[in-house]
Amino acid sequence: MQTGMHTDTERCVRAVRSKDARFDGWFFTAVLTTGIYCRPSCPAVPPKPGNMTFHPSAAACQQAGFRACKRCRPDTSPGSPEWNVRADLTARAMRLIADGVVDREGVPGLAARLGYSTRQVERQLLAELGAGPLALARAQRAQTARLLIETTPLPMADIAFAAGFASIRTFNDTVREVYALSPSELRTRVPKARPAGTTAVGTTAAGTLLLRLPFRAPLNPDNLFGHLAATAVPGVEEWREGAYRRTLRLPYGHGIVALTPNPDHIACRLTLGDPRDLTVAISRCRRLLDLDADPVAVDDQLRADPLLAPLVDKAPGRRVPRTVDEAEFAVRAVLGQQVSTAAARTHAARLVAAHGEPVDDPEGGLTHLFPSTGALAAVDPETLAMPRTRRTTFTTLVAHLADGSVNLGVECDWAETRARLLALPGFGPWTADVIAMRALGDPDAFLPTDLGIRRAAGELGLPSTPAALTARASAWRPWRAYAVQYLWATDSHPINFLPV
């Protein structure tokens, strides 16, 4: 079993005393004398060490009878980076819970996706996080409820339903227990000044929320948004007026999101067809932008290599651009084999126009959802304008995705999934590893055969042959996917002419 930072009392006390925001989300401080729990950076006067206990999750604090601090709002902290770094049972379970699986399928559904018994999952989460899956999902529902209460005019009954509560009574009891305020009292507090770091900032048209997505500093938006804009598929994605916009396929409907980088947060304008999709949409946007990463830990590790250090020092805080739909990204990776970025976008745009589901965009730039795997599995291969071998790769992949024999969900085992991909026709190490990096979220995925990486390595004095570069990169583990971002940044065309 892993042990989290919350077990290192001395280190936690130092973080609380220094109000170090880098540790927000890593652990939570429960104050015995007040009965509240806070983020490490809470602006209040730090309590005496003897009055502090430390917990790995907000749910664990709530289970122990503590309520959320009204000043620092600990439930709006960035998520723990552990869940995006690790591939064990607990991390996979936490990624699924963030994606709303417990609310939609219950604990048995969560356990089935993980391949363990319900009892095993509950025991593991309780041992490591101090709370079981129901408590963790409940804490997430409470945060969603507060967000809707404070940012929408929806009736409380509709909010309870949208947040996933089974009844109005449970909704009322949970909100009062977690926040020490009733839902109506929470709403009446909205006109007052918001504390720094708050997540929600208001509403616009019906069904549209304006949110602030927090992150750990530093964050360099150039590669993150530059890559998304450069590879945007017409109709599904666009760059407009300083924002990356795209359509979202969600469990209860579809949505449209606009994401804009700001110095201390990402502005998120989210339009949903069904408010029950709010939690999932936020989770997927955070995952897309890698907002729960720990850039200090990443950069410190990479900076130890004297040849990488100048790149890190020049533009620290690079993130790995990921995806809101793992299957979509895998299909696009195949479309991009051995062709330019422009050609890959053209192939994808044709598929979208022919097989994507139409959506209404008030701003007019977005027209479709990316086609589902079921729709793509029905495509006539002869209509695909690509070499026959790549048609075979495409049709085999979408068939396996459609029937579930290849699973790219947040719960999958990275090593096992990579091996399954490599067994498919037309899948070489580059395609499997770029899917591992961008879709699966493996922070250690590496692309030693990528031409842009090899060219950048040669210019820096690093080994440029795949075997030698892989050997040198062992010192960068477990952050090799971030090293890829720094190396790509040295090349003017880092995403063109990629190998299989």
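Note that the structure is predicted; figures quoted are calculated from it, not measured.
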Student: Any salt bridge between D24 and R216, counting N to O under 4.0 Å?
Tutor: no
Student: Can you check whether L302's main-chain N or O pairs, donor with acceptor, with W479's side chain at less than 3.5 Å?
Tutor: no
Student: Checking side-chain polar atoms at under 3.5 Å, does D88 have a donor or acceptor matched by the opposite partner on T90?
Tutor: no
Student: Taking atom types as modelled and ignoring hydrogens, do the side chains of T431 and Q337 form a donor-acceptor contact shorter than 3.5 angstrom?
Tutor: yes
Student: Using distance alone, with no hydrogens and no angle criterion, decide if R390 and H347 have a side-chain donor and acceptor under 3.5 Å apart.
Tutor: no
Student: Is D361 salt-bridged to R245, going by a charged N under 4.0 Å from an acidic O?
Tutor: yes
Student: Is it true that E382 and R388 make a salt bridge, defined as a side-chain N closer than 4.0 Å to a carboxylate O?
Tutor: yes
Student: Quick one: list whatever passes ring pair (Phe, Tyr, Trp, His ring centres under 6.0 Å) with Y486, sequence neighbours left out.
Tutor: none
Student: Holding to ring pair (Phe, Tyr, Trp, His ring centres under 6.0 Å), I want the full list of residues that pass it with Y244, two or more places apart in sequence or in another chain.
Tutor: none
Student: State plainly whether the residues E237 and R332 are in salt-bridge range, i.e. N to O under 4.0 Å.
Tutor: yes
Student: By side-chain hydrogen bond (donor to acceptor under 3.5 Å, both in side chains), which residues pair with D413, not counting sequence neighbours?
Tutor: none
Student: May I ask you to test the R92-R113 pair for a side-chain heavy-atom distance under 4.5 Å?
Tutor: no
Student: Tell me, do F394 and L351 make a side-chain contact under 4.5 Å, heavy atoms counted?
Tutor: yes
Student: What do you reckon, is CZ of R391 surrounded by more than 12 foreign heavy atoms closer than 6.0 Å?
Tutor: yes
Student: Is the shortest side-chain heavy-atom distance between R146 and D75 below 4.5 Å?
Tutor: yes
Student: Between R249 and E328 (salt bridge meaning N to carboxylate O under 4.0 Å), is one present in this structure?
Tutor: no
Student: Answer yes when R420 and E416 have at least one side-chain N-carboxylate O distance shorter than 4.0 Å, and no when they do not.
Tutor: yes
Student: Looking just at side-chain N and O atoms, do D450 and W488 make a donor-acceptor pair shorter than 3.5 Å?
Tutor: yes
Student: Is there side-chain contact between D444 and R477, with heavy atoms separated by less than 4.5 Å?
Tutor: yes
